[in-house]
Each structure stands twice: as C-alpha cells, then as structure tokens.
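The first residue of the sequence shown is numbered 1, and numbering continues consecutively from there.
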Amino acid sequence: MENAHRRWFGEKRGRLAVKAFHNKGWIAYYAESLEEAKKILFETCLPKGVSVGLGGSETLAAMDILPVLRSGEYRLYDRYNCADHFEVCRESLLADYFITGANALTMEGVMVNIDCSGSRTAAMAYGPRNIIAAAGVNKLTDTLDEAIARVHRIAPMNCKRNGHKTPCAETGVCTDCNIPDRMCNHLLITLNAKKFAGKYTLIIINDEIGF
Ligand code: SF4
C-alpha cells in the first residue's frame with residue numbers, strides 16, 4: 001500500500017512538474033518507469049547518427065543507455081572509455097546532443113545542477129545543439145531554495161561515488177572544503193529554456209533514482 005501511495009504521489013508531482021517545465025520552454029515528458037524513459041529517449045528524442053556527449057549520471061546508468069549509444073548508430077563522445085577524459089568532455093561541448101541527469105528540479109520548472117569540473121554545467125548552459133535531461137521524481141523540490149539546499153545535501157554521496165578525497169566523503173558532513181578534490185565548484189540554475197525553442201528536453205521518471 002505504501003508503495004502504491006508513493007507511486008501515486010510521484011505521478012501527481014511528476015505530471016505537474018512536466019507542465020511547469022513545459023511552461024518554461026522545455027520539451028517535457030513524464031515516464032512511469034526507467035524502461036519507458038529509455039523508450040522516450042531513443043524513439044522520440046534522439047535521432048540516429050547524431051553526435052552525443054554525456055554528463056555523469058546515476059539516472060542514465062540506471063536507464064542503461066550506454067550499450068545503445070555504443071552500438072554504432074550514434075557518434076558517442078565516450079567519457080567512460082577514452083584516453084583523455086578532459087579532451088572528450090571538451091569535445092562533448094559541441095555535440096549535437098548532450099544527455100545528462102539533473103540534481104534538482106523545482107515544481108515551478110527550474111533546474112539546479114552542481115558540478116566539479118564544470119563540463120556538465122558548461123554543456124547545459126551553452127554549446128551542444130540539444131540538451132536532454134532525465135531525472136527521477138525524488139529530485140523534485142517545492143522551491144528554488146530547497147533545490148539549492150538539495151544539491152549541497154547530496155554532494156557527499158556524489159563525492160563518495162566518484163572517489164573524491166574530501167572530508168564529506170569520510171564523514172557525510174560538508175565542511176565547505178578548500179581542496180583540489182572539492183566537488184561543489186559550479187552551480188548552474190536554469191531558470192528558463194525559451195531562448196532556443198526545442199533545445200531543452202526533460203524526462204521526469206516516476207521512480208527514486210540516484211541521489
Ligand atoms: S564543499 Fe567539499 S566538503 Fe562540502 S559537500 Fe562539497 S566536496 Fe563535500
């Protein structure tokens with residue numbers, strides 16, 4: 001019963017958020033599951049033959065999109081299988097499509113992301129011709145303040161996941177560290193997506209994915 005109610009709540013909030021993002025200029029989809037999100041991505045959003053850059057994302061990993069992107073039907077800038085990660089991330093900035101997760105989405109249609117190197121926030125702000133983001137309903141917040149708080153709250157988990165040698169990766173507590181391995185370097189707030197019609201796509205998934 002509890003899961004059924006959570007699923008019901010996720011759908012209500014997910015569909016409301018889709019409307020809010022649509023109102024802010026995003027092409028926005030609601031997906032009931034990871035499988036449905038993957039289908040929307042490959043059958044509706046991503047044309048065959050295009051070049052694709054990727055942002056690091058637990059959501060994309062859960063969608064298991066890499067095998068499809070590596071199938072030869074796309075020109076993938078493969079940040080997970082390359083000799084020079086920095087160069088591949090630079091090249092990804094001019095990809096036809098940049099696919100990524102998102103750290104927080106407000107119910108008013110604002111997206112917030114925090115980044116270490118800036119490769120993902122840079123791509124989301126400008127460069128690739130198209131952006132496609134996917135995120136679970138666990139990323140939804142009611143206000144922008146909550147969204148910003150959320151990206152800082154989850155940062156220790158991202159540090160742990162990515163092997164950053166930060167105090168928070170040991171203790172789970174942010175000390176506003178001042179070291180090279182610091183992850184919280186670039187904060188991007190995407191307030192509106194109407195500048196380039198059709199550039200920004202979001203898939204909101206009724207599932208708890210990533211952090
Ligand atoms: S500022 Fe440093 S300590 Fe705080 S969450 Fe980010 S990486 Fe961790």
Side-chain angles (χ1 to χ4, degrees), residues 6-41 44-46 53-63 65 97-116 118-126 128 130-158 161 183-211:
R6 187 172 292 150
R7 180 153 287 281
W8 167 81
F9 192 52
E11 177 174 359
K12 292 294 178 198
R13 277 172 72 81
R15 288 194 188 278
L16 279 173
V18 160
K19 275 191 194 155
F21 275 89
H22 180 73
N23 186 45
K24 294 285 177 72
W26 291 73
I27 299 169
Y29 297 94
Y30 169 83
E32 192 55 44
S33 64
L34 285 163
E35 294 72 28
E36 193 182 333
K38 189 173 178 178
K39 200 164 170 321
I40 291 169
L41 172 64
T44 306
C45 304
L46 193 66
L54 290 173
S57 163
E58 287 277 294
T59 305
L60 299 185
M63 286 166 69
I65 65 171
Y97 283 77
F98 189 84
I99 309 176
T100 180
N103 295 128
L105 312 169
T106 79
M107 293 300 291
E108 293 149 351
V110 175
M111 181 180 288
V112 179
N113 282 290
I114 199 160
D115 214 0
C116 177
S119 63
R120 183 176 61 123
T121 47
M124 294 191 76
Y126 197 79
N130 301 278
I131 302 294
I132 302 174
V137 292
N138 53 312
K139 307 285 176 76
L140 292 171
T141 66
D142 289 332
T143 66
L144 180 55
D145 282 349
E146 272 181 52
I148 293 169
R150 178 178 208 284
V151 302
H152 287 295
R153 191 171 64 247
I154 55 132
M157 286 186 276
N158 273 328
R161 171 171 71 106
M183 204 214 70
C184 312
N185 295 326
H186 304 276
L187 183 70
L188 179 71
I189 302 174
T190 306
L191 293 166
N192 195 290
K194 287 199 173 167
K195 173 70 178 170
F196 300 110
K199 177 179 174 181
Y200 286 91
T201 296
L202 172 64
I203 306 170
I204 297 180
I205 309 163
N206 190 10
D207 204 342
E208 307 241 331
I209 315 157
F211 311 128

Item to complete: Please report the C-alpha distance between L54 and L60 in whole Å, then the side-chain angles of each, then the deciding distance to 0.1 Å, and finally whether the side chain to side chain contact (heavy atoms under 4.5 Å, CB included) criterion is met.
Response: CA-CA 9 Å; L54 290 173; L60 299 185; 4.2 Å; yes

Worksheet item: Does the salt bridge (charged side-chain N to carboxylate O under 4.0 Å, His left out) test come out yes or no for E108 and K24, once each step is laid out?
Response: CA-CA 9 Å; E108 293 149 351; K24 294 285 177 72; over 6 Å; no

Practice prompt. List the steps, then state whether side chain to side chain contact (heavy atoms under 4.5 Å, CB included) holds for T100 with I132.
Written response: CA-CA 6 Å; T100 180; I132 302 174; over 6 Å; no

Item to complete: Assess whether side chain to side chain contact (heavy atoms under 4.5 Å, CB included) is satisfied between F21 and N23, documenting all intermediate values.
Response: CA-CA 5 Å; F21 275 89; N23 186 45; over 6 Å; no

Discussion item. Please evaluate residues R153 and F211 with respect to the criterion side chain to side chain contact (heavy atoms under 4.5 Å, CB included), reporting the C-alpha separation (whole Å), side-chain torsions for both, the decisive distance (0.1 Å), and the verdict.
Written reply: CA-CA 9 Å; R153 191 171 64 247; F211 311 128; over 6 Å; no

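Closest heavy-atom contact between A20 and G109: CB-N, 3.7 Å. Nearest heavy atom pair, residue T59 against residue A134, reads CG2-O, 3.6 Å. Nearest heavy-atom pair, F98 versus G55, reported as atom, atom and distance to 0.1 Å: CZ-N, 3.5 Å. Across all their heavy atoms, K38 and M63 have their closest contact at CD-O, 3.1 Å. In this structure, G198 and N130 approach most closely via the heavy-atom pair O-OD1, 3.8 Å. Heavy atoms only, all atoms of each residue included: G101 and A133 are closest at O-CB, 4.2 Å.
In this structure, T44 and Y29 have side chains that are in contact, with non-hydrogen atoms separated by less than 4.5 Å. Counting heavy atoms from C-beta on, the side chains of I203 and L41 come closer than 4.5 Å. At a threshold of 4.5 Å between non-hydrogen side-chain atoms, the residues I205 and L34 count as touching. You'll find the side chain of W26 reaches within 4.5 Å of the side chain of T190, heavy atoms only. Taking the side chain as every heavy atom from C-beta outward, T143 and T106 never approach each other to under 4.5 Å. Side-chain contact between C45 and Y97: absent, with no pair of heavy atoms (C-beta onward) separated by less than 4.5 Å.
Atom CG of N103 sits about 10.0 Å away from atom OG1 of T121, to the nearest 0.5 Å. Atom CG of residue L16 and atom OH of residue Y30 lie 11.0 Å apart, to the nearest 0.5 angstrom. For the atom pair NZ (K195) and OH (Y126), the distance works out to 9.0 Å, reported to the nearest 0.5 Å. The line from CG of L140 to CZ of R150 is 9.0 Å long, rounded to the nearest 0.5 Å. Between M111 atom CE and L105 atom CG the span is 5.0 Å, to the nearest 0.5 Å. The SG atom of C184 sits 10.0 Å away from the CG atom of D115 when rounded to the nearest 0.5 Å.
In this structure a side-chain-to-backbone donor-acceptor pair under 3.5 Å is missing from N206 to G14. Proximity of a side-chain donor or acceptor of R6 to a complementary backbone N or O of D207 within less than 3.5 Å is not detected. In this structure a side-chain-to-backbone donor-acceptor pair under 3.5 Å is present from N138 to I209. In this structure, Y200 contributes its side chain and M124 its backbone to a donor-acceptor pair below 3.5 Å.
Side-chain atoms of N113 and R120 include a donor-acceptor pair closer than 3.5 Å.
The number of heavy-atom neighbours closer than 6.0 Å to NE2 of H186, taken from other residues, nucleotides and ligands shown, is above 12.
Between R15 and E11 a salt bridge is recorded (basic side-chain N to carboxylate O distance below 4.0 Å).
With I114 as reference, V151 is the one residue of L188, N185, V151 to meet the side chain to side chain contact (heavy atoms under 4.5 Å, CB included) rule.
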